[in-house]
> 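I am attaching a structure below and will ask some questions about it afterwards.
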There are 2 protein chains.
Amino acid sequence: MSEDIRSRIRNKELWNKIVSAEEAAAIIKPGMNVAVSGFTMSGYPKAVPMALAERMKKDPFKINLWSGASVGKELDGILAEVNGIAKRMPYQTDKNVRNRINGGDIQYSDIHLSHMAQMVRYGFMGGKADVAIIEVCAITEEGNLIPTTSAGNAATWVQNADVVIVEVNTTQPAALEGMHDIYMPLDPPDRQPIPLVHADDRIGTTYIPCGLDKIKYIVQCDIGDSLRHLADVDENSKAMSGYMIDFLKQEIKQGRMPKNLLPLQSGVGSVANAAIAGLVDSDFEDLVVYTEVIQDGMFDLIDAGKLKFASGTALTPSPEGLQRFYKGLKEYKPKIILRPQEIANSPEIARRIGVIAMNTAIEFDIYGHVNSTHIMGSKMMNGIGGSGDFARNAFLTFFFTNSVAKNGTISSIVPMCSHFDHTEHDVDVFITEQGLADVRGLCPKERAKVIIENCAHPDYKPMLLDYYERAVKKTGNAHSPHLLDEALSWHTRFLEKGTMKI
Amino acid sequence: MSEDIRSRIRNKELWNKIVSAEEAAAIIKPGMNVAVSGFTMSGYPKAVPMALAERMKKDPFKINLWSGASVGKELDGILAEVNGIAKRMPYQTDKNVRNRINGGDIQYSDIHLSHMAQMVRYGFMGGKADVAIIEVCAITEEGNLIPTTSAGNAATWVQNADVVIVEVNTTQPAALEGMHDIYMPLDPPDRQPIPLVHADDRIGTTYIPCGLDKIKYIVQCDIGDSLRHLADVDENSKAMSGYMIDFLKQEIKQGRMPKNLLPLQSGVGSVANAAIAGLVDSDFEDLVVYTEVIQDGMFDLIDAGKLKFASGTALTPSPEGLQRFYKGLKEYKPKIILRPQEIANSPEIARRIGVIAMNTAIEFDIYGHVNSTHIMGSKMMNGIGGSGDFARNAFLTFFFTNSVAKNGTISSIVPMCSHFDHTEHDVDVFITEQGLADVRGLCPKERAKVIIENCAHPDYKPMLLDYYERAVKKTGNAHSPHLLDEALSWHTRFLEKGTMKI
């Protein structure tokens, strides 16, 4: 037991709750609902889950795992490896978990990220959290918890759980304290308006309310988050970012948008990061971010003096980005707030402050529906994440994708999606490396024309037009013309022949 | 010009703006955006549209028609008959309009009802409203407008339009004054929290702000709304209402719901009306309604002493219900508020107060996706209406449908929907006359089992199970097992052979 962990536990009474990861993990019983901190590769517990996985290796059993969003390999990865997860909610990106989901071993509920905490509080998810495991950088005198680099659902888990295990991560600086703003709404019929009107408003506490008694065990952890490298910004991403910036400039010119835009939300990953990164070279100023995940691109914007403020629920830089953040902590900290995902992804807030939502699609169809989750209709990729929280309620909703995948054998623009996560009612603008389709106010047939013309890859454009024109003819020019016996034939062709091409 | 209309125009200066419907209609030019009051068969202008249609008969041209929701035959019906509508938003239920939409004559944008007003204010819908035509029961001394039986988008249309034509409907009592609560949010970046925390909160004015100068013409109208008779509550509807009530009782017992439930929302039409009507014979008390449309069933609940308060955007009784309302106006009025649809359908409010959402599906699939709008994938029926505003943000989301349609030739539960309006992420409970499927927290395969078992018609249950089991096998037990070459075969079979049965 190092000196370091004690220095982060400000109430000496708590010191006698410090135990080994194994001892803490022993409290977890088969079938329990285990609720963890963490949102993306950020702020999730590691030591206790690793001890739990070791135990499962010897004595196989399963738990239900509730998180903020995806979490790292030291939690999702190893528990899936030992087949230790029965039910998983609300999001994942781990390849072991994905394989278990698509093989029937894990029952996965793919849930809007803003919905998860309240659905547990409402009692809709099969009981309470039996155990919460929360990563912190410090514990206050009163037994309240200072999170590390994510807020996620941790505050609700602490409130909801019978037992709280705290992992003090000594690789994270205690100086993270002050970055968080923890606000938990009451539930209906007592809920009040969320009193947030600007991205930089503080409405809660800098800690997760917990208290001395609720803390069962404290475990030291000296393993850092398994951060991922971001792909280099490629030509396609640059092109998409360029279309978006030109579009936004035009919106400002038309008087439809303030000069400094409106708060930006961008999905997780390389394409979204590239879209944000593209703003560095733009002449936009005083930008504001209201999003889930703060990535490297936002540090670039802060350094370039273009970003006034970033609100999110997690800080998920690349490994280099994290070092850069630590080094510039003093400068970055006053410009960043981390909130519970229920607030970061709140439809109420997204609509009020007028978020510009930028998310990535797996595929979209000619009438403007979006598949964000499934490969060829049946297999889960990651999940809907927060895209639905934002897309539906944003001021402007963008979806990005490369026009083709798998060396051109898959067209990301198809006659009909093979799975639906966002409907025609929810998207304003589609962008691929081919171009941009602004579908605001258009009917389905008008949408089809502009989506095919502006977004489809040249290899697939004639095929899409052919489908569309025959569908119009066969249905007598119906509202959303489809040939139902052909609508999914592009996907079945790919499954049979390895290409959507004829 | 009768005496009556002048008595309702409290500022004598306005009397010289009284003109014939023909004179007022003459201001409307080809291609104009004409924005009208009205939400369902309630509170829409009639005299000016009828004069406009007459003009179009002689001299054909088209306008774009923006409303609150569907409107009656004296507006939608006759304008569609003369092919006078180019673009139509955001909802309709008229057979002439539907035929024009499905024949390519009308470009129809099917939009979430809470989104319409702000999208026009944002400038996303192709310019401003050129002319607003608003039905009122009176005009105040200051030139402000007292709506009749709906609020809809009228306030935004008045604010947005260059020219306002007011139709004073003398069939509606001036005593409707005081029933409305008109609140219009500012737009981002200036929007504030909507200060409503209970269904009976008043946050706005009893009139639509307009002013003397903005009123261009005033027209008398003595035609009542073309109200529709509600279908008798049939056995199927009674069964569905019964399942819902038993479920809600169980929720209360489990401590997941207050004894007087939470604010109820129900879609428009006979099934939804029946669900509400079923509550009359229940032992629930102190109920509250927060919905779009107040129908006859809610008067029954008020009369039975079970409903404390009803908030909506329109009062749409049957013809008999309207007479009953007039007769009991003094008693009903303090228990009803009509709000702009942007507030009645607000996601912010639905989530805050914890609405119980009850809406009707055309079909749903074994994994829990819902089609609310399209017949066999291509043809528009009505539109999404407010179902998406509520379903996504409710405390609990129900979807109802009869398990079969067209004498049993159509199964409303299908392997895959032929169109998607609400996704698997958004529904908690499915109900048919066969039973109820509670899918909260379930993964797709768990959902499939309970939906097929509890909701499907016995004629189709073996076929659905067969599809599901073969899909599980073929996809190796993937997350959402589908046979893409068969997923829509039930629909194509119906289109070819007139039945989904093999």
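In what follows, chains are A, B, ... by sequence order, proteins preceding strands, each numbered from 1.
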> Where does B/M89 contact chain A at under 4.5 Å (heavy atoms): side chain, backbone, both or neither?
side chain

> Against chain A, work out which of B/G103, B/G441, B/P193, B/G354 has the most heavy-atom pairs shorter than 4.5 Å and name it.
B/P193

> Where on B/K474 is there a heavy atom nearer than 4.5 Å to chain A: the side chain, the backbone, both, or neither?
neither

> Heavy-atom pairs under 4.5 Å with chain B: which of A/E348, A/H425, A/M380 has the most?
A/H425

> For B/A350, is it the side chain, the backbone, both, or neither that has a heavy atom closer than 4.5 Å to a heavy atom of chain A?
neither

> Let me know if B/Q254 has heavy atoms under 4.5 Å from chain A in its side chain, its backbone, both or neither.
neither

> With a 4.5 angstrom heavy-atom cut-off, is it the side chain or the backbone of B/D438 that approaches chain A, or both, or neither?
neither

> Among A/R352, A/Q107, A/M376, A/R256, which has the most heavy-atom pairs under 4.5 Å with chain B?
A/R352

> Determine the option with the most heavy-atom pairs under 4.5 angstrom with chain A, choosing from B/G126, B/P189, B/P481.
B/P189

> List for me each residue that meets side chain to side chain contact (heavy atoms under 4.5 Å, CB included) alongside A/D190, sequence neighbours excluded, and say none if there are none.
A/L186

> When rounded to the nearest 0.5 angstrom, what distance separates OH in B/Y367 from OG in A/S378?
7.0 Å

> When the aromatic ring centroids of A/F395 and B/F124 are compared, is their separation below 6.0 Å?
yes

> So for A/N393, is it side chain, backbone, both, or neither that comes closer than 4.5 Å to the heavy atoms of chain B?
side chain

> May I ask you to name which of B/H115, B/H491, B/R98 has the most heavy-atom pairs under 4.5 Å with chain A?
B/H115

> Quick check for you: among A/L483, A/I111, A/T475, which has the greatest number of heavy-atom pairs under 4.5 Å with chain B?
A/T475

> Take a 6.0 Å sphere around NZ of B/K379 and say whether it holds more than 12 heavy atoms from other residues, nucleotides or ligands.
no

> Looking only at heavy atoms and a cut-off of under 4.5 Å, which of A/R121, A/Q192, A/R447 has the most pairs with chain B?
A/Q192

> For chain A, which of B/P195, B/P347, B/P258, B/G255 has the most heavy-atom pairs under 4.5 Å?
B/P347

> List in chain and number order the residues that pass side chain to side chain donor-acceptor pair (under 3.5 Å) with A/R392, two or more places apart in sequence or in another chain; answer none if no residue qualifies.
A/D426, B/H112

> What part of B/E446 gets closer than 4.5 Å to chain A, counting heavy atoms only: side chain, backbone, both or neither?
side chain

> Heavy-atom pairs under 4.5 Å with chain B: which of A/L396, A/D110, A/L495, A/D485 has the most?
A/D110

> So what's closer than 4.5 Å to chain A heavy atoms on B/M257: side chain, backbone, both or neither?
neither

> Provide the closest heavy-atom pair for B/L488 versus A/A487 in the form atom of the first, atom of the second, distance.
CD1-CB, 4.2 Å

> For chain B, find which of A/E496, A/R440, A/K87 contributes the most heavy-atom pairs closer than 4.5 angstrom.
A/R440

> Ring pair (Phe, Tyr, Trp, His ring centres under 6.0 Å) with A/H419: which of B/H482, B/H369, B/H479?
B/H369

> Determine whether B/R191 and A/I353 satisfy the following criterion, side-chain contact (heavy atoms from CB on, under 4.5 Å), listing intermediate values before the conclusion.
CA-CA 7 Å; B/R191 190 171 290 173; A/I353 68 178; over 6 Å; no

> Atom CG in B/L484, atom CZ in A/F494: separation rounded to 0.5 Å?
12.0 Å

> Given the options B/K445, B/H374, B/M416, B/M125, which has more heavy-atom pairs under 4.5 Å with chain A than any of the others?
B/H374

> Given heavy-atom pairs under 4.5 angstrom as the criterion, report whether the side chain, backbone, both or neither of B/D187 touches chain A.
neither

> So which of A/S114, A/P185, A/P188 actually passes side chain to side chain contact (heavy atoms under 4.5 Å, CB included) with B/R351?
A/S114

> So what's closer than 4.5 Å to chain B heavy atoms on A/L262: side chain, backbone, both or neither?
side chain

